[in-house]
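See structure below.
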Amino acid sequence: MGLEEYRNEIDRIDAEIVRLYEERMEVSEKVALDKIQSGKNVYDPEREKAKLEAIRNMTKNEFNSFGAVELFSEIMAMSRKRQYALLEEKGAKRKLPFIAIDELDKKDARVVFQGINGAYSEAAMIAFFGEEVNAHSVKSFRDAMRSIDEGTADYAVLPIENSSAGIVSANYDLLTEFENYIVGEQIIAIDNCLLGLPGTKLSDIKTVYSHPQALMQCEDFLSEHDSWKEISYANTAMAAKKIRDDNDRSQAAIAGARAAKVYGLEVLMDNINKSDGNSTRFIIVTNQKVFVRNAEKISICLEIPHKSGSLYSLLSHIIYNGLNMTKIESRPIKDRPWEYRFFIDFCGNLAEPAVRNALRGIREESVNMRILGNY
């Protein structure tokens, strides 16, 4: 046989594989209907493990064994996805404990932010809720989360990531620690400035105070002044307030121009970010399981089983349902060395069948999956 004959033979075999695949999927649909009647779970990991081991033993060599197991793992994954879709289509809908609302009650809301007047969190809060917002501040992100958890505030405004410095890891961890939920987001431009007492010269400065993220965002500028000592502070506005209170020209702060106005400081240099277009995304968090009807982004967190391909298998539910994943982050799990929790954002609304189908599959096959919010 020549090359063309071999290709024809492969075409014949491929056609047979497709026919058998479709036949298998038809049987999978019957399995799904039976599970709807019996109330059994779609995902049966012990059955799949035994099935893959049997397939491994059918092959002639190690290379074919590996390929066959990978192939049938995918076939079974597709079968599960079809079964999840049938559960949704046939009315076996899992109720999600989130209530759809027309809009957030911004007018009468009590809002908490971390820091003091002049902080970027305050600016994000005002951008989202308006100038007349009923607000108060707390010292830490944890205090903000605790305020809404205990009901002393309706909403909290927390930074979650910066376009150049990356995620605010502490707030990712707090999202898993507290039963609070994301209901909105606000992105604001960050124009970090070097602030000092009026009349201060760059040659006077010996120490610079700011939040660690702001120091990171301005590392290129600070590297040009390597004699300056950098000291982390809880908040950029707090750093500005310290400069005013200490009344020491050898000290400067990195903060926004708003903080300069609030604390009577001079902008010694503006726009000292290491990149143009620097911005921070803030999340609006509440203790109520609600989402606005026109919400278009979903955030979830989950843990995955310790086996090859687990993360890929879970993400495939997003792909299969035609959804667009926009972000994935991982955080170490406390007291469990080398184990990680994943945070995933994707486009969608909890009322959409495709979203519900994807979430059903992810929940079935992951560990401790939580919906963090739809906003």
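- Crowding of Glu339 atom CD: a count of heavy atoms from other residues, nucleotides or ligands under 6.0 Å exceeding 12.
- A donor-acceptor contact closer than 3.5 angstrom links the side chains of Asp246 and Gln251.
- Ring geometry, His225 versus Phe221: the interplanar angle falls from 30° to 60°, so the pair is classed tilted.
- The closest donor-acceptor contact from the side chain of Asn271 to the backbone of Asp191 lies at 3.5 Å or more, if one exists at all.
- Remark: side-chain polar atoms of Lys35 are paired, donor with acceptor, to backbone N or O of Val42 under 3.5 angstrom.
- Ile17 belongs to a hydrophobic cluster with Ile13, counting contacts under 4.5 Å between side-chain heavy atoms of Ile, Leu, Val, Met, Phe, Trp and Tyr, direct or through other members.
- How far OG of Ser366 is from CG of Asn368: 8.0 Å, rounded to the nearest 0.5 Å.
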Test salt bridge (charged side-chain N to carboxylate O under 4.0 Å, His left out) on Glu303 and Arg336 and set out the steps.
CA-CA 12 Å; Glu303 300 162 34; Arg336 287 160 57 183; 2.9 Å; yes
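- The two atoms that bring Ala127 and Ile188 nearest to each other are CB-CG2, 4.5 Å, heavy atoms only.
- The closest donor-acceptor contact from the side chain of Arg110 to the backbone of Gly151 lies under 3.5 Å.
- Of the charged side-chain nitrogens involved, at least one lies within less than 4.0 Å of a carboxylate oxygen, so that Glu177 and Arg142 count as a salt-bridged pair.
- Counting non-hydrogen atoms of neighbouring residues, nucleotides and ligands closer than 6.0 angstrom, the NZ atom of Lys327 exceeds 12 such neighbours.
- Checked by atom type, the side-chain pair Lys81/Ser316 shows a donor-acceptor distance below 3.5 Å.
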Go through the steps for Lys242 and Asp245 under the test salt bridge (charged side-chain N to carboxylate O under 4.0 Å, His left out), then give the verdict.
CA-CA 5 Å; Lys242 174 180 173 56; Asp245 293 347; over 6 Å; no
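- In this structure, the side chains of Arg281 and Ile283 come closer than 4.5 Å at one or more pairs of heavy atoms.
- Gln217 and Asn278 form a side-chain donor-acceptor contact under 3.5 Å, judged by distance and modelled atom types alone.
- Side-chain atoms of Asn64 do not come within 3.5 Å of backbone N or O of Lys60 as any donor-acceptor pair.
- Side chain of Asp204 to main chain of Lys201: a donor-acceptor pair is present (N/O by atom type, distance under 3.5 Å, no hydrogens or angles).
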From CA spacing to verdict: side chain to side chain donor-acceptor pair (under 3.5 Å), Asn321, Asn357
CA-CA 7 Å; Asn321 286 283; Asn357 188 30; 2.7 Å; yes
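- Under a 3.5 Å cut-off, the side chain of Ser310 and the backbone N or O of Pro305 do form a donor-acceptor pair.
- The existence of a salt bridge linking Glu23 and Arg19 is confirmed by a sub-4.0 Å separation between a basic side-chain nitrogen and an acidic carboxylate oxygen.
- To the nearest 0.5 Å, the span separating OH on Tyr172 from CZ on Phe343 amounts to 7.5 Å.
- Salt-bridge check for Glu48 with Arg80: passed, with a basic side-chain N closer than 4.0 Å to an acidic carboxylate O.
- Under the 30°/60° scheme for interplanar angles, the aromatic rings of Tyr209 and Tyr233 are found to stand perpendicular.
- No donor-acceptor pair closer than 3.5 Å links the side chain of Ser65 to the backbone N or O of Asn61.
- The main-chain N or O of Ala237 is found under 3.5 Å from a side-chain atom of Asn235 such that the two form a donor-acceptor pair.
- Take Ser137 and apply the side chain to side chain contact (heavy atoms under 4.5 Å, CB included) test, not counting sequence neighbours, and it matches Phe113.
- Tested against Tyr155 for a ring-ring contact (aromatic ring centres under 6.0 Å, His included), the candidates Phe282, Phe128, Phe129 yield a single pass: Phe129.
- Between Glu132 and Lys107 no salt bridge is recorded (no basic side-chain N to carboxylate O distance below 4.0 Å).
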Derivation and outcome, side chain to side chain donor-acceptor pair (under 3.5 Å), residues Asn192 and Tyr120:
CA-CA 10 Å; Asn192 285 317; Tyr120 284 121; 3.1 Å; yes
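- Put simply, the residue from Arg363, Glu365, Arg356 that forms a side chain to side chain donor-acceptor pair (under 3.5 Å) with Tyr84 is Glu365.
- Side-chain N or O atoms of Thr236 include none that pairs as donor or acceptor with a backbone N or O of Ala255 at under 3.5 Å.
- Distance check, rounded to the nearest 0.5 Å: OG of Ser210 to CE of Met216 gives 11.5 Å.
- Taking 4.5 Å as the limit, some side-chain heavy atom of Val138 sits within range of a side-chain heavy atom of His136.
- Using modelled atom types, one finds no donor on one side chain facing an acceptor on the other under 3.5 Å when comparing Asp345 with Thr326.
- Atom CZ of Arg7 is surrounded by 12 or fewer heavy atoms from other residues, nucleotides or ligands within 6.0 Å.
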Test salt bridge (charged side-chain N to carboxylate O under 4.0 Å, His left out) on Glu122 and Arg258; report intermediate values, then the result.
CA-CA 10 Å; Glu122 183 190 42; Arg258 178 185 176 88; 3.2 Å; yes
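- When atom types are taken as modelled, the side chain of Thr200 and the backbone of Gly196 share no donor-acceptor pair closer than 3.5 angstrom.
- Of all the heavy atoms in Ile333 and Arg341, the pair that sits closest is CG1-N, 3.6 Å.
- Checking Ser223 against Glu219 by side-chain atom types alone, no donor-acceptor pair falls below 3.5 Å.
- Side chains of Phe346 and Ile300 form a contact here, defined as non-hydrogen atoms less than 4.5 Å apart.
- Within a 6.0 Å radius of CD in Glu150, other residues, nucleotides and ligands contribute more than 12 heavy atoms.
- Of all non-hydrogen atoms in Ile344 and Leu315, the two that sit nearest each other are CD1-CD2, 3.7 Å.
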